[in-house]
Chemist: 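Here it is: the structure, laid out below.
Here the structure is a predicted model, which means the values were calculated and not measured. When reading the values below, keep in mind they use all heavy atoms of this one structure, side chains included, and skip hydrogens, waters and symmetry mates. We name chains A, B, ... by the order of the sequence lines, and we start the count at 1 in each one.
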Protein chains: 2
Amino acid sequence: MRYYRFLSESGAKKPPQTITSAQIAAALDIDPTQVRKDFSAIGLLGIGRVGFEVCEVCRAIRVALGFDQRHEAVLIGTGHLGAALLAYSGFARYGLHIVAAFDMDQRLVGSKVAGCTVKSMRSLKPFIRKHGIRLALLTTPVEASQKLADRLVSVGVKAIWNFTPTRITVPPEVLVRDEHISLGLSVIAYHLTHEVDSPSS
Amino acid sequence: MRYYRFLSESGAKKPPQTITSAQIAAALDIDPTQVRKDFSAIGLLGIGRVGFEVCEVCRAIRVALGFDQRHEAVLIGTGHLGAALLAYSGFARYGLHIVAAFDMDQRLVGSKVAGCTVKSMRSLKPFIRKHGIRLALLTTPVEASQKLADRLVSVGVKAIWNFTPTRITVPPEVLVRDEHISLGLSVIAYHLTHEVDSPSS
DNA sequence: GATCAAACGTGAAAAAAATCTCATTAGGGG
DNA sequence: CCCCTAATGAGATTTTTTTCACGTTTGATC
Ligand SMILES: NC(=O)c1ccc[n+]([C@@H]2O[C@H](COP(=O)([O-])OP(=O)(O)OC[C@H]3O[C@@H](n4cnc5c(N)ncnc54)[C@H](O)[C@@H]3O)[C@@H](O)[C@H]2O)c1
Ligand SMILES: NC(=O)c1ccc[n+]([C@@H]2O[C@H](COP(=O)([O-])OP(=O)(O)OC[C@H]3O[C@@H](n4cnc5c(N)ncnc54)[C@H](O)[C@@H]3O)[C@@H](O)[C@H]2O)c1
């Protein structure tokens, strides 16, 4: 949820230690009731007149979403996007740790990308087995996605974070999260083309 | 919309030229009625017994979403993520063309990233003015986001594609599209932590 | 050409989500 | 110590989204 980001960064600045649902709602421009509903859904109760305790809420969200646990992941396809993700340090705050990177390209194997040595695809299976990896990030060309997904699933991966613009099919117990950049692009393209028509509202 | 991606790639393989709403619905696992509703919303009418003409639908979506027009954009922050985006060739299919890249780092200025020469931040304003740029991609550190956004807006940018994990505030006529990677991460973390609890359903 | 079935469009119904209202509770001020 | 304001939690209400159901159209079949 977006609550977590807002609270953890606003809490870091000045510690009022307590925040009201109306404040959160105003900052994220949503309805205050919505905030309270969501919070109570994960068993959070505010206290009248003061609101919610920031730390408490953060912790509850961390627990509810699983950010408090360590999730180890592998990255397949150490290309441009893969390198960017490897270099990104913001994942740790959500409990995600990319512990290995793999690539088919033999020229890349052995090289260091963002402090992570790229491994050969041959070592993928034993690595996942050995470390009990349950999450994989897919940043390969689209052609390879489905094949790699099948391979990952067969080795026991339980979730795939798919940055490839293709829909991949997996058994129902495996989660695929598609990071579709084109969806955002749609919104932008629409705005840019129709912006002149309706400047107001 | 996700329709476009599916149709354009499925249409490329084998040209049945015509597709039924049920087929689309099955592939994207949504309700067939939803497909028809969405299509009719952009003035698309299928014909009984045959369904929809693939090319026709693609074209209508392109027009409706503005993919048929050329959108020129600048990229601010030629770091890891910025380089990946510059290298990505998939934007052209949606009408997006990144025509220039900017960075504060003087060591980067002048160098070529993915065939695009990195420009100095000083030249940002004149460039946008001169070329009438209306879209900017933000891939800078979070600290700089708001300031850059203000600057971009003041020069006439109408939409900002924000890859930064911060909420930025802009005048209402300007569109900000946040590409929040952490949202996807939430879903994954949740699945991984609760997967063992409910293996079925 | 008459019939049949597949797929469409549309309006109603159901479900889900967002919003509003209000009684309740807890601090702050007199 | 009592009242008053501010903020909560929960139920009611409204709005939006999704789904269902049915009449109509259109190509295929006989
Ligand atoms: N770069 C972006 O900004 C961006 C944006 C959106 C989507 N994407 C998608 O992300 C994917 C990767 O993009 P990229 O720019 O990093 O491409 P890239 O070509 O830079 O990287 C792809 C990497 O995958 C490796 N690879 C190819 N086949 C493989 C296989 N079978 N097994 C293992 N590794 C393999 C290649 O050696 C290469 O290193 C693409 O599908 C692209 O559509 C990228
Ligand atoms: N790398 C990822 O996969 C990833 C994922 C999600 C979000 N993000 C976000 O994207 C942003 C960039 O990530 P990155 O990995 O590319 O970082 P990076 O440090 O590699 O790149 C940032 C670039 O911005 C430039 N820059 C800094 N301040 C600037 C300014 N005021 N004006 C112009 N340029 C400036 C820097 O010189 C640098 O080249 C960060 O906010 C990060 O949180 C990155």
Chemist: How close or far is atom P of C:dG27 from atom CD1 of A:Ile47, stated in whole angstroms?
Modeler: 6 Å
Chemist: Just to verify, what does A:Ala159 make a side chain to side chain contact (heavy atoms under 4.5 Å, CB included) with, not counting sequence neighbours?
Modeler: A:Leu135, A:Leu175, B:Ile188, B:His191, B:Leu192
Chemist: Is there a side-chain contact between B:Cys58 and B:Phe67 in this structure, where contact means two heavy atoms from C-beta onward sitting under 4.5 Å apart?
Modeler: no
Chemist: Can you check whether A:Thr20 has a side-chain N or O nearer than 4.0 Å to OP1 or OP2 of D:dT8?
Modeler: yes
Chemist: How many whole angstroms separate atom CG of A:Leu44 from atom C1' of D:dA10?
Modeler: 16 Å
Chemist: Given the side-chain rings of B:Tyr94 and B:Trp161, with only the six-membered ring counted for Trp, is the space between their centroids under 6.0 Å?
Modeler: no
Chemist: OP1 or OP2 of D:dG9 versus the side-chain N and O atoms of A:Ser40: is any pair under 4.0 Å?
Modeler: no
Chemist: Could you walk me through whether A:Glu72 and A:Arg134 satisfy the side-chain contact (heavy atoms from CB on, under 4.5 Å) test, starting with their C-alpha distance in whole Å, then the side-chain angles of each, then the deciding distance to 0.1 Å, before giving a yes or no?
Modeler: CA-CA 7 Å; A:Glu72 301 201 322; A:Arg134 301 195 299 151; over 6 Å; no
Chemist: Which residue lies toward the 5' end of DNA chain D, A:Lys37 or A:Val50, if each is placed at its nearest nucleotide?
Modeler: A:Val50
Chemist: In whole Å, I'd like the distance from the CD atom of B:Glu53 to the C1' atom of D:dG27.
Modeler: 15 Å
Chemist: Rounded to the Å, how far apart are A:Ile19 CD1 and D:dA7 C1'?
Modeler: 13 Å
Chemist: Say whether B:Arg2 and A:Ser182, considering side chains only, have a donor N or O and an acceptor N or O under 3.5 Å apart.
Modeler: no
Chemist: Would you say D:dT25 has OP1 or OP2 under 4.0 Å from some side-chain N or O of B:Arg49?
Modeler: no
Chemist: What is the distance, to the nearest angstrom, from the CZ atom on A:Arg36 to the P atom on C:dC20?
Modeler: 12 Å
Chemist: How many whole angstroms separate atom CG of A:Asp38 from atom C1' of C:dT19?
Modeler: 13 Å
Chemist: Output yes when at least one side-chain N/O atom of B:Ser21 is less than 4.0 Å from OP1 or OP2 of C:dA7, else no.
Modeler: no
Chemist: B:Thr117: which residues meet the side chain to side chain donor-acceptor pair (under 3.5 Å) condition with it, sequence neighbours left out?
Modeler: B:Lys112
Chemist: Identify, residue by residue, the members of residues 22-34 of chain B with a heavy atom below 4.0 Å from DNA chain D, and return them in order of residue number, or none.
Modeler: B:Asp31, B:Thr33, B:Gln34
Chemist: Looking at B:Phe127, I want to see if its CZ is surrounded by more than 12 non-hydrogen atoms of other residues, nucleotides or ligands under 6.0 Å.
Modeler: yes
